[in-house]
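This report refers to the structure that appears directly beneath it.
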Amino acid sequence: MSASTLAKVSAACVALMLLASCANTIKGMGKDTANTVNATQSAGHTVKKSVQ
């Protein structure tokens, strides 16, 4: 295998690993956002109940 081919295969492997890590990060951000929305709604309900 020539050095050029090895470099291309290595670059492709690195690119795939980076894309996979980005997907996990985006999924995690989505979960964090959903948890934030749920916590905010829960706090709103708690305040509403305490005022009534």
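- Scored by the side chain to side chain contact (heavy atoms under 4.5 Å, CB included) test, Ser4 finds Ser2, Lys8 as partners (sequence neighbours excluded).
- Between the side chain of Thr36 and the backbone N or O of Asp32 there is at least one donor-acceptor pair closer than 3.5 Å.
- Hydrophobic side-chain contacts under 4.5 Å tie Met17 to no other Ile, Leu, Val, Met, Phe, Trp or Tyr residue.
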